[in-house]
Chemist: 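Take a look at this one; I'll ask things after.
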Amino acid sequence: MTLKIYGIAASRASRPLWVAQELGLAYEHVPLPYQDGATRTPEFLALNPNGHIPVVDDNGVLVWESMACALYLAERFQGAGTEPLAALNHAEQAEILRWSFWAVTECEKDALTFLMHRVAMPEERRKPELAVQAVQRLLPALRVLEQHLQDRDHIAGERFTVADICVASVLAWVQRAEAMPQYPRLAGWLERCLARPAQIQVRAMARRSTPS
């Protein structure tokens, strides 16, 4: 059986890659970039007709959309010999699903705007006011997560799960926002998530895929 993950680590492909690293999976990484038409070839469009990374190919079972890829891998390989990232009961499943989709619907757009106009784009193209406005729009969502973390160390249940990966992969984009110290529980949780060895490995992969 061959498990393949398509997409450079400096992209949303970091989500399934993080899951794979946490679980110690044997997989082939195909570091396909999202620029210069690489995802518009007939070969790639046969994997994802939307022309986006990441794609997980699990021996012919194709999954796209980064959160779906992460959730699929966590569930598919929960018996891989490490502590499972998937839910162990219905209550954990509810938490994993709602917080993963919450990260996409409530946080990702503004977190990405902040990242682009504070860090990622060439400085001459950045519009700092857009980064400021994005963080202001994020504040209600950050308060929700801060409250959720008041009496717990993880998003779902009492252990690290794929929900932590899905949410942290989005909020990592605003880790250095000036507003973050207002949310100490959130900031501490995010720092712990990003300090995990599997995430450090994915960041190293991302640096190798980013032109200097």
Side-chain angles (χ1 to χ4, degrees), residues 7-19 33-35 39 48 50-54 64-71 74 94-150 152-156 160-196 199-200 202-203 205-207 209-210:
I8 57 171
S11 73
R12 291 180 176 89
S14 63
R15 295 164 185 169
L17 289 169
W18 187 353
V19 173
Y34 52 83
Q35 297 172 318
T39 63
N48 183 356
N50 300 293
H52 300 307
I53 54 173
W64 26 265
E65 296 300 324
S66 60
M67 293 297 189
C69 293
L71 294 168
E95 294 273 28
I96 287 170
L97 290 175
R98 71 177 183 177
W99 285 104
S100 298
F101 289 112
W102 173 87
V104 174
T105 58
E106 300 293 337
C107 300
E108 188 173 49
K109 180 179 179 181
D110 288 319
L112 182 59
T113 297
F114 176 88
L115 176 71
M116 297 303 293
H117 289 280
R118 181 63 65 86
V119 178
M121 291 172 61
E123 193 166 355
E124 67 275 8
R125 293 178 54 197
R126 298 177 194 171
K127 297 181 179 179
E129 68 277 10
L130 295 184
V132 171
Q133 293 165 11
V135 170
Q136 287 300 309
R137 289 191 297 268
L138 271 174
L139 294 182
L142 298 182
R143 285 194 291 270
V144 167
L145 185 53
E146 176 74 10
Q147 181 62 38
H148 179 68
L149 292 169
Q150 284 302 313
R152 60 176 67 211
D153 293 325
H154 303 290
I155 296 289
F160 185 83
T161 69
V162 67
D164 296 286
I165 291 176
C166 290
V167 179
S169 69
V170 174
L171 294 186
W173 297 343
V174 293
Q175 186 184 24
R176 304 305 176 193
E178 291 81 356
M180 194 59 74
Q182 301 175 34
Y183 309 100
R185 295 287 298 180
L186 189 163
W189 160 82
L190 182 58
E191 185 175 353
R192 293 191 301 274
C193 289
L194 298 181
R196 293 179 68 86
Q199 168 56 201
I200 292 172
V202 173
R203 291 204 304 274
M205 295 164 65
R207 287 193 294 272
S209 67
T210 303

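On a predicted model such as this, the values are computed, not experimentally measured, just so you know. Note that the numbering runs from 1 along the sequence shown for the chain.
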Chemist: In the structure I gave you, are the side-chain heavy atoms of Q136 and L139 within less than 4.5 Å of one another anywhere?
Modeler: yes

Chemist: Is there a side-chain contact between R203 and L194, using heavy atoms and a 4.5 Å cut-off?
Modeler: yes

Chemist: Sub-3.5 Å donor-acceptor pair from the side chain of R118 to the main-chain atoms of V174, do we have one?
Modeler: no

Chemist: What pair of heavy atoms forms the shortest contact from I53 to S11, and how long is it?
Modeler: CD1-OG, 3.6 Å

Chemist: Check whether any side-chain N or O of S169 sits under 3.5 Å from a backbone N or O of I165 as a donor-acceptor pair, and report yes or no.
Modeler: yes

Chemist: W99 vs T161, test: side-chain contact (heavy atoms from CB on, under 4.5 Å). Steps then yes/no.
Modeler: CA-CA 11 Å; W99 285 104; T161 69; over 6 Å; no

Chemist: For I155, does its backbone N or O pair with a side-chain atom of R152 as donor and acceptor, under 3.5 Å?
Modeler: yes

Chemist: Between H154 and F160, what is the ring plane arrangement, given parallel below 30°, perpendicular above 60°, and tilted in between?
Modeler: perpendicular

Chemist: Let me confirm one number: the CD-CG distance from E65 to N48, rounded to the nearest 0.5 Å.
Modeler: 7.0 Å

Chemist: Inspect the surroundings of CD in E123 and state if more than 12 heavy atoms from other residues, nucleotides or ligands are less than 6.0 Å away.
Modeler: no

Chemist: How close do A177 and V135 get, heavy atom to heavy atom, and via which atoms?
Modeler: CB-CG2, 4.1 Å

Chemist: Applying side-chain contact (heavy atoms from CB on, under 4.5 Å) between Y183 and each of L190, L142, L145, report the one that passes.
Modeler: L142

Chemist: Looking at L97, is its backbone amide N or carbonyl O close enough to the side chain of S100 to form a donor-acceptor pair, meaning the two atoms are under 3.5 Å apart?
Modeler: no

Chemist: Apply side-chain hydrogen bond (donor to acceptor under 3.5 Å, both in side chains) to residues R12 and S66 and explain how you reach the verdict.
Modeler: CA-CA 6 Å; R12 291 180 176 89; S66 60; 4.9 Å; no

Chemist: Considering only heavy atoms from C-beta outward, does the side chain of R196 approach that of D164 to under 4.5 Å?
Modeler: no

Chemist: So which atom in A134 and which in D110 form the shortest heavy-atom distance, rounded to 0.1 Å?
Modeler: CB-O, 3.4 Å

Chemist: Please round to the nearest 0.5 Å and tell me the distance separating atom CE of M121 and atom CZ of R126.
Modeler: 8.5 Å

Chemist: Does the side-chain hydrogen bond (donor to acceptor under 3.5 Å, both in side chains) test come out yes or no for E106 and W102, once each step is laid out?
Modeler: CA-CA 5 Å; E106 300 293 337; W102 173 87; 5.2 Å; no

Chemist: Kindly compute the distance separating OG1 (T113) from CD (Q133), expressed to the nearest 0.5 Å.
Modeler: 9.5 Å

Chemist: Looking only at non-hydrogen atoms, find the nearest pair between G51 and T39 and report the distance.
Modeler: O-OG1, 2.8 Å

Chemist: side-chain contact (heavy atoms from CB on, under 4.5 Å), that's the test. Do L138 and F114 meet it? Break it down for me.
Modeler: CA-CA 10 Å; L138 271 174; F114 176 88; 5.7 Å; no

Chemist: Please check if atom CD in E191 has more than 12 non-hydrogen atoms from other residues, nucleotides or ligands closer than 6.0 Å.
Modeler: no

Chemist: Out of curiosity, L112 CG to W173 CH2, how far, rounded to the nearest 0.5 Å?
Modeler: 5.0 Å

Chemist: Does L71 form a side-chain contact (heavy atoms from CB on, under 4.5 Å) with R15? I'd like the steps, not just the answer.
Modeler: CA-CA 9 Å; L71 294 168; R15 295 164 185 169; over 6 Å; no

Chemist: Check whether any side-chain N or O of Q199 sits under 3.5 Å from a backbone N or O of W18 as a donor-acceptor pair, and report yes or no.
Modeler: no

Chemist: How far apart are the closest heavy atoms of H117 and K127, and which atoms are they?
Modeler: ND1-N, 2.9 Å

Chemist: State, to 0.1 Å, how close M67 and V104 come at their nearest heavy-atom pair, and which atoms those are.
Modeler: CG-CG2, 3.5 Å

Chemist: Please determine whether the number of non-hydrogen atoms from other residues, nucleotides or ligands lying under 6.0 Å from atom CZ of R143 exceeds 12.
Modeler: yes

